[in-house]
Structure formats: C-alpha cells, structure tokens
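See below for the structure under consideration.
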Amino acid sequence: MENLIALLIAAPLLGAAVLLVGGRRLDAVGHWIGTFLSAASFVFGLILFADLLGKDAEHRTLTQHLWTWISVGGFQADVTFRLDQLSMTFVLLITGVGSLIHLYSVGYMEHDERRRRFFGYLNLFLAAMLLLVLADNYLLLYVGWEGVGLASYLLIGFWQHKPSAATAAKKAFLVNRVGDMGLSIAIMLMFTTFGSFAFGPVLSHTGDTSEGKLTAIGLMLLLAACGKSAQVPLQSWLGDAMEGPTPVSALIHAATMVTAGVYLIVRSGAIFNAAPDAQLAVTVVGAVTLLFGAIVGCAKDDIKKALAGSTMSQIGYMVLAAGLGPIGYVFAIMHLVTHGFFKAGLFLGAGSVMHGMNDEVDMRKYGGLRKYMPVTFITFGLGYLAIIGFPGLSGFFSKDKIIEAAFAKGGTEGWILGGAALLGAAITAFYMTRVMLMTFFGEERWRDRPTRSPEEPSAEPAAAHQGGAASGHAAAATGEPHPHESPKIMTIPMVVLAVGSVFGGAFFSLGDRFLHWLEPVTGHSEGDSPLSAATVTGATMVCLVVGVAIAWAQYGRKPVPALAPRGSLLTRAARRDLYQDDFNHVVLVRGGEHLTRSLVYVDHTLVDGVVNGTAAGFGGLSGRLRRLQNGFVRSYAVSMFGGAALLVAATLLMRAV
Amino acid sequence: MSATAVHSLWTTAADPISKIDAPKIEYGQLSPTLIVLGAALVGVLIEAFVPRKSRYYAQVFTAVVALCAAFAAVVALAADGYGTTKAHVAAMGAIAVDGPSLFLQGTIVLAGLVGLFTFAERRLDPQAHGNRVDSFAAQAASVPGSDSEKAAVKAGFTTTEVFPLLLFAIAGMLVFPSANDLLTLFVALEVLSLPLYLLCALARRKRLMSQEAAVKYFLLGAFASAFTLFGIALLYGYAGSVSYGRIAQVVDGTVTNVDPALADTMGNDALLLIGSAMIVMGLLFKVGAVPFHMWTPDVYQGAPTPVTGFMAAATKVAAFGALLRLLYVVLPGLRWDWRPVMWAVAVVTMLGGAIVAITQTDIKRLLAYSSIAHAGFILAGVIATSKDGVSSVLFYLAGYSFVTIGAFAVVTLVRDAGGEATHLSKWAGLGRRSPLVAAVFAVFLLAFAGIPLTSGFAGKFAVFKAAADGGAAPLVVVGVISSAIAAFFYIRVIVLMFFSEPKAEGPTVAVPSPLTMAAIGMGVAVTLVLGVAPQYFLDLASQAGVFVR
C-alpha cells in the first residue's frame, strides 16, 4: 500500500511535465488533463486514507523509500516518504481542495489563451506541495518548500504582462527567500547537532540536546514559517500576491501553501516542545500577525486584499496555536483544515463576483449583488458565517478551541494571548461583515457608471483583457457591468466548499474525532485554563456580536460612499498595510543600499588597494631582483659561492644550536 | 736472504692477490643504462663511418630503438620485482637497483624519447638551399657569420652528433639517481653535464647567444662540480668510505671494524657537515634552486629550444633523484641539521622563482623562472623526509617533465623571420590565429599553475600534503602563496594569447612534423591523464618510494 504514496506526487508531476512540455497541441485538452491528474491524486489519497483507517491508531505511519539521493561520508539524504495522520490530513486537503479549484479554473480561465500553462503550473504546485508534506526528512521537505515557492512565483506573475503582477511575483519570491534562508540554516544546524536531518533521528533526540541549540533551530524554523505563511515580519508579500488569478489566491495563498509554515512548526513539535523560548516567539508572532492581518483587512476596499488580510490573520491563529505546544497542535491543524474550506470558498466567491463584474475588485463599486448571483451569495455567506465563528459552523469549533487553548497557556502570557485572540475574533467579525455588506447588500453602486473611474485605474481588468484573460465581457469593460451568476463549473466547487465550511467543524469536533485522529502524531495535553470552556465561548460570542454590530452601524445602516473617506489615523495606516512597505523600504532597502555602497567603497579602496598594492609590490620586487641577473658569469659565480658559504655556515650553525 | 724467505715473501705477497674476486656486475639489472650507453657509442661510430646523407636517419633510428629498448628493460626489471622485493645494491655497491631508481629511469628514458622527437624535428626551419634543417648549427666549429659557416649551410651540413650527445647525457642521468657511492655519483654528474654543455652551444640561429649560454653553463657547472668533488673528499675523510651505506652507518654511529688508519679523522662532524653541505650544493645547482639558479634563465634562453626542453625536464628528474637518495640514504641521521637549511632554500627558491618571473618578457626566460619555482615546490616534498615525500616527488617529477618538454615544443612552433618568436609581446592574440596551439599551450600553463584536472594539481597536492604531514606546514603556506604569485604570470600569458588583439606582423605558427606533434601530444596526454585519474600513478610512485640501503 505504501507504494501508492509516490503516485500521489507522480500524478500531478506528470501533469505538469506533460502540460508544460506538450506545447500548444494540448491547448484544447490541457485543462482536463490537469484536472484529471489532480483528481487522480485525490483518489489515491482516499485509498490510502481508507487503508490508514483500517489500522489501529499506533500503526498509521507508512514509509516508502525510493532511493538514496546523496550519500557522502556521514551525510546521507534519502528520497523517502512518510505518510502519517498529519501528512494524510494535508494530502486530503491539498488534493481535495486542489481538485475543486482545478475544476473552478476550467471555467474561470476559459478565455485565457495560456490556460494550458496555468494548469501545468497548478499541477506543479500540487506535486511540490505534496512533496513538502510527504517528505521524511527536512532536506526533501526543503525541495518541496522551494518547489511551492517557485509555483507561487510563477502563478502570482501569471499575467506577467502587467507590471504590478511581475513586481508582486518578484516581491513574493524575494521575501520568501529570507524565510528559506532560515530553513536552510535550520537544516544545517540539525545536521551538525544530530548528524542527520531525517524526521526520525532529529525528533527523537531532542531530549539529549542542549536547549540553546534547539532554540536556535526553532527560531530558524520560525523564520522559515514566517516567510512561507506571511507572518510578521515577513508578511508584506501576501497582499500583493493577490495579483495572481483568483483560483491561485484561493488554492495557494489561502488554503494550502501559506499554511506550510504551520505544518513545519507542528511537524517539528518535538524541537519546539524542548525549546520554550522558541515556542514563546512562535506565539508572539502568531498573536501579532492575527491582529495585524485583521486590522489591515478592515481597511481594504479591494475584496481580494481584504480576504488576504483575513488569511494572514487566520494563519496567525494557527501559528499561535502551534506555538502553544501540545495543547494547541491539534487545533492549529483543525483550524487549518476548516480555514482551507471556508477561505477557499470565500476566494472562489470573490472570483465569481469579479467574473460577473468585469473583474472589478473595489467593493465600493459593488452593492446589492445578492439578487444577481444567488448561488455565490449563499455560498459566500456560509463561508462568512463560518469564518466569523457563527455557532455550529466550522470556524466556531476550530477558532473557539484555539482561544481556549491560548487562555490555557496559563499565567500572564495566557491572558495576553487569549485576549489577543478574542480581540481578533471581534475584528474578524467586523471586517467580514463589512465585506459581506459592501458586496451583497445596500444600494447598487455599480449602476450608471463605468466600473473604473478614470482617476482610479485598476490595473487588473485592463491587463486581464490584454491577455484575453478572465472575463468574457471585454466589450462591456468600460460600460455598466451586468452582474450575473457564474457557470455551473464554477459554482459547483463553491457549493462543495460551502458544505465543508458548514459541517466540517462539527464533524471534526463532535466526539473529538480530529483529536483522536491526530493525537498519535502531535501528542496532546489539556491545558490548565483559568476560564471554563463555556466562559470562553460566551466571551467569543460577545465579541462576535460586537464586531458585527459595529460593522452594521457603519456599513449597513448608512450608504457606503463610492469614494473612500479619509478615515482615522488607524484606517489610513491599515490601508497602507500598517506601513509595512514603508518600513521595509526605509530599513531594509535604504539600509541595504547604504550597506552595499559602503561595501563597494571598501572594496574599491581597501580591498582593491591591498590587492593592487600587493601586486605592485611584487612587481616592484620582481623588477629589483631581476637586476641581479646581470648576465655576467662572475656575478653568478659570486652568488653561488655566497650561497654555498651560507649553506655550509647554516648547516654548522644548526649543529651548534 | 734465503730461498725460503724469498719463497715465503712470494707466498705472502701472492696470497692476497689470488683472493681478489672478479668484480661481479649484474649486467641484466644495469641494462637500461648499458643499452643507452651502447647506442651512444654506436652513434659515434655512425658519425665516423656512415655517409653524411644517411647519418640523420641512422642516428634517429638508433636512438629511438635504444630508448625504447631501455624503457622495455626498465619495465621488465620493475615487473620482475626489482623495484620492490628484489631491490638491492648492484655492481659491487656502485649502483642501487630499487623503486626510485627504476621509476626515475623510466621517467628519464621517456622524457628523453620525447626530447629526441623535438631534436629530430626538421620541418620548422625553412629549408636552406633545398636541405631540410633542424634546430642545430650546420657546423658547430665554424665561427658565427663566417664564410665557413655559410659554406656549411650551403652544403646542407647538419650536426647529427647531437643524437649521441643526447644519449650520453641520458646515460649519465640514468646513473645519477641510482648511484650508490659518491664516486659513481660524481662520474654520472659529469657524464650528464658535459654533453649538455655542448648541446647548449649548438643553436642554428642566434649562435652567439647560444655559445655564450654554453660557456656560462660550463663555467658555472664546473664551479659547482668542484664544490661537489670537494664535498666528496671531505665525506671520505669523515667516513673512510665513499659508499652510501657505509657513510650512513658512520653517521648513525653503528659502524664496526674501523680501519685504524682512519681512526683520527673518522667521525669528525665538521667534515661531515661541511662535506655534505657542499655535495648538496652541487645538486641544488643542477636542480636550479636559489641562490644557485642564476645560470638557468640565461642558459634556457640561449640553448636551442629542444635542448632547453629536454634539459629542463630530464636534468631536474635526475638531479632530484640523486638529491633524494643522498638525503634519505646517506644523511637521514643528519636530518635535524639539513632540514632547516633546506627549508630556507625551498622558501627562497619558491618565492624567488615566482617573483622574478612576473617581470619577464621572454617566454623561454619565463619558463626558466617557472622551473626555478617548481624546483622549490619539489624541495618541499623532499623536506618531508617520509615515504610519502619520496613518492610525491617521484609523481611530481613524472608529471612536470612532460609538461615542460611539451611547453618548450610549443615554443618551437611560434616563429617569425628571425626564428622562434620568444618575446611575449609577439604571442598576443595567438589564440585567435592558432586556437589549437594556443589551447594546448594554455593546458600546459594551467598544469604549471597547478589547476585541478591537470597533472600539476595532483603533483602539487601530493607534495604539499607530504610536506604538511611531515611537519613542514609553514613551508606549504609559502608554497601556496608562491603558487598564487606564479598563477598570475601563467594566466597572464593565457590572457595575452586569447584576449589581446593580434599584432599586424605577428609570428606564424609552423606546421610541425609528426615528431613534434607526438611530443606535444604526449605532453597533453600525460598532463590530462595524471590530472584526471592520478590514482594509478600515485600508487605506482608510492610502491616505488622505498630506497634500498
């Protein structure tokens, strides 16, 4: 049965190869090949899942050794896969949601002449992501890690003719580089500390290793997670990544790739458990990011960017949970899965709205769309209820558990983290309600006006049409939009995801199914919460109501202005992503420029000076010594005689000494 | 005086005489040397009896056959185990037949064969009066520029004596590293040196320069020989013997049955130290170590280029062989005295050769200084005083000798109206005009510089490793610094050849006969084989790295 594991990866990899190498002759069927192979991988996943369920909890780990990749002295790297409950969960999420999004993309990308390539990249992404979660050692994981980075880069910049998309792709790649550096350093540290980077040896020897080393490894892993999962301080790329086609935002930048950081931390749980300082850093990063993302999400008028802020914030919850140790690991993953459903659903809904609105992304130019796109409205609405944690839906179960676990951390830390998580829940309710109200309720602000006001050109539609992309309504691009429901091939995946958003949480939580499933891998312990579960749930409900109420007061009761008001200081800061880019520019870009300039100066004057000086010195010496060679035998003989005398004298002297 | 007394006098006098054993000479084991010497004598006879027109062919044929046979003999001896298990001292203690001997003899014979190819090249110089000519003077005895010289050129004379001279020199070189007593060492030294002095004087073009070089070489060589001979006398005074084994025993203090007549001087350390220093000085002169190197650039530049190539390669092999045997067999007990001195010599040799080479403008002088720097690198291996030291030096010498002959063979190809164009400025842009020749020369330069995948790297690595293991790490540091300096001027030539604009009336590259092509091809092949897959040869050198005592 374990031989099936390689097929999980092989199917989408084959798809990527066929689609990217096959060329134009596959244009007609390429998207179906890609979708089919993605679905095939999902089917393999289901078969393996059934197999795992058939075993008892302790024996649900399958490994498949393919070949020895590198073997040099004590350095051994194997291509070995490991399928346990944790990776199984990811496999089902990745291939399941991935297949739905493939299906959706068939419709969404219908008019894009590079659709075949798009599916090739999507398949490449699936293969790399599966490699990431199935690897049995950190080096192989790193291959997948870089692979998803590459796929993300290619897909963000898929409409590369748009400068904004090309820049966003580059930005994502560069910021991720910083995180990747952390992962590579962590792997090197593991090798020097444990003599190996396979999960088995590394994770089972944390007990007999100094805490300092483990803390260093943990912090480097956290840096890697920050890069991939867009956590503060490496969060700046995620908002710009929305330049990619919307299915990409749904699959890569909401449901799967951005959660790789959470996977990394949970997988390396043994290291973090033994390094409390690193764990504390993880919780701090998670708490800061969940507030950061939520605040940014409140101020964005671009529907995708608002959702991106929300993604950042929700992953902040997961990272926070992962940082709590065994009391949080299971809930981090559970929230990851439910979030995968509802956030992918929300993004697909946003894509559907854009599809019907000539690719307009500014929510101030939406309004009252519920009548025109009922399916989108309902599925989006269910996703909305799920994410704000409406009782009974997915988010309610998973987020509530994380808040509980944060309080259960105990002490002042517990209060601060729990408080942050609660506050985050309130803000989540606020910004999601805002999105909902601005899009589907209120007056129809798109009437009697072009979707793009001349003074505020939105790059995406224009460029999308240049590439023949996304919308089939090029003629109407500058006129009044005609909102309409999307075709079935797009709405069906949305419906399926909405079902998951509604029932997933309850299914996982009732009878602690998910806890029992994952516990053998991650371990679990009950915290010592100062508050009862009911109190926490009650407080969360209060926050929820407050958030929704404020949003209603601001956006439901009075009409939404078509142009954004100036807003408070915080709003303006949040619109600029809390000055993340300005900060990076001042500190990193300008600092880097100063550093390189001074290094170049040092190189030119000092280094070149020393090098050229040395060369000139040897040249001069050479010229001088050369004069000794004057061509006269008598001088040569004197030199020999002197040499012989020295030789004899030195030999005698050596004896005397 | 009674008859009985006379009788007894006779008997006492006659008795020891009847006990003198006939000297036992193992002709088979000395066959490489004997074949070459015999062929040299045949060459003299050819000069005397064969008509002038056929001499060239007869000489080349004889020499090639002799060298091939000698190499076969070396291989046969080595295969028979004389390099390892059957190693012993032959010819009444005069010649050692052991691993280093056979390895170096094989190297010298092959280098001699390749050198012979360049000697026999007759297509590079334009034909003189319808006769093909080689690199050597038409008639050595005629005064340069005189009428008799012109007559000799017109008559199509060639100095075919170079072939027997070459064979004599090779014979001397074969004995030099295997000499096992000081007298044999000295005889071999002279046998190899005198033909070389002559050969240096025989250039066809720039004859005055060639003759000047020969005279300088001869004077300084004689000067150095005098030191050596004096040193030999002092060592004899110290040990009462010229035999390597016996001297070593006296140095170690393990000697028995001292001759009472020698008891006074024997074991006088001053004699030992001064004597050995002087012999070592004579050998350092031959390898071209600083400060005994000053003949090298002048002689390398003035001598006919085939002679330079041969001499730079084979002399160095032979002289380092002799130096190794002297230091490892005769003077190991003295190593705490000679090692520091040799350290100093190695350091100044490496640095001196590399530094002065920077400002050279003549390719032959450049290669001369390069050979000095390489002598320093090899000395670093000698100083290791370990089995690895011996084998690394053997390997280095094998690789280096072929690179050297090949490089000088390339020099013979680049010509203008005045013969070989040796000034570096004329080599500018050679890579554009003759990419193949320039590429081959670049390979040799990279090997000199010790770039990986060439024999130079493998050799230098082996030598430096042995030196570092032998406790001479500072020497290795100096060696690496010198290599860096040396890399500058090697690579500068490559840059000159490939990245400079060719000059308008630059030199042309002559198309050689298969002889020179074979010499260059063998140089490239050995350089690459020893660079890419050195292990077999390192093992071979390692097996051969034990001296018989």
Side-chain angles (χ1 to χ4, degrees), chain A residues 68-77 192 599-657, chain B residues 212 215-220 222-224 226-227 230-231 234 269-270 272-278 280-282 284-285 289-298 334 336-345 348 351-361 365 368-369 481 484-485 488-489:
Chain A
T68 298
W69 178 20
I70 308 170
S71 176
V72 182
F75 183 98
Q76 168 119 10
T192 57
L599 283 180
V600 167
Y601 176 75
V602 169
D603 185 50
H604 276 203
T605 53
L606 199 68
V607 178
D608 285 5
V610 169
V611 170
N612 294 340
T614 312
F618 276 119
L621 190 61
S622 176
R624 261 162 234 268
L625 288 178
R626 197 182 164 189
R627 268 181 237 153
L628 293 176
Q629 192 80 22
N630 55 12
F632 291 119
V633 177
R634 53 176 190 257
S635 322
Y636 297 177
V638 166
S639 140
M640 280 170 62
F641 184 80
L646 276 177
L647 210 59
V648 170
T651 315
L652 287 174
L653 198 68
M654 278 305 131
R655 178 54 64 94
V657 170
Chain B
E212 181 190 331
V215 171
K216 280 180 184 168
Y217 192 17
F218 171 65
L219 285 174
L220 296 172
F223 193 45
F227 276 95
F230 197 10
L234 292 178
D269 275 355
L272 169 67
L273 294 172
I274 300 174
S276 50
M278 288 169 105
V280 166
M281 178 252 164
L284 289 177
F285 172 82
V290 178
F292 314 108
H293 68 289
M294 302 192 85
W295 61 277
T296 324
D298 292 13
L334 210 60
W336 302 116
D337 296 286
W338 63 256
R339 269 184 67 151
V341 181
M342 295 297 276
W343 267 59
V345 173
V348 294
L351 286 176
I355 290 175
V356 183
I358 295 175
T359 44
Q360 297 305 315
T361 52
R365 284 184 87 83
Y369 281 105
I481 292 173
I485 299 172
F488 166 74
F489 58 78

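Lettering of chains follows the sequences in order, A, B, ..., and the numbering in each one begins at 1.
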How far does CH2 of B:W295 sit from CE of A:M640, to the nearest 0.5 angstrom? 10.0 Å
Could you grab the distance from atom CD of B:Q360 to atom CZ of A:R626, nearest 0.5 Å is fine? 5.0 Å
Given a strict heavy-atom distance threshold of 4.5 Å, which part of B:L351 is in contact with chain A: side chain, backbone, both, or neither? neither
Non-hydrogen atoms of chain A under 4.5 Å away: do they reach the side chain of B:A344, the backbone, both or neither? neither
Just how far is it from atom CD1 of B:I485 to atom CG of A:L621, taken to the nearest 0.5 Å? 8.5 Å
Just give me the residue among A:A650, A:S639, A:S635, A:A649 that pairs up with chain B most often, heavy atom to heavy atom, under 4.5 Å. A:S639
Strictly distance-based, threshold 3.5 Å: is any side-chain N or O of B:K216 a donor or acceptor partner for the main-chain N or O of A:G631? yes
Under 3.5 Å donor-acceptor, A:T651 side chain and B:A277 backbone: no
Toward chain B, the part of A:L628 with a non-hydrogen atom under 4.5 Å: both
Toward chain A, the part of B:I358 with a non-hydrogen atom under 4.5 Å: both
Hey, what do you get for CZ (B:F223) to OH (A:Y636), rounding to the nearest 0.5 Å? 15.0 Å
A:Q629 side chain to B:P297 backbone, donor-acceptor under 3.5 Å: no
Drop me the distance from B:F227's CZ to A:F641's CZ, to the nearest 0.5 angstrom. 5.5 Å
Bottom line for B:F292: the part with an atom under 4.5 Å from chain A's heavy atoms is both
Check each atom of B:Y369 against the heavy atoms of chain A and say whether the ones under 4.5 Å are side chain, backbone, both or neither. side chain
Counting C-beta onward and ignoring hydrogens, is there a side-chain heavy-atom pair between A:L647 and B:L284 closer than 4.5 Å? yes
Locate the shortest heavy-atom distance separating A:G643 from B:P291; write the atom from each residue and the value. CA-CG, 3.6 Å
Roughly how far, to the nearest 0.5 Å, is the CZ atom of A:F632 from the CE atom of B:M294? 12.0 Å
Heavy-atom pair of closest approach, residues A:R655 and B:L273: CB-CD1, 3.6 Å
Report which part of B:V345 has an atom under 4.5 Å of a heavy atom belonging to chain A: side chain, backbone, both, or neither. side chain
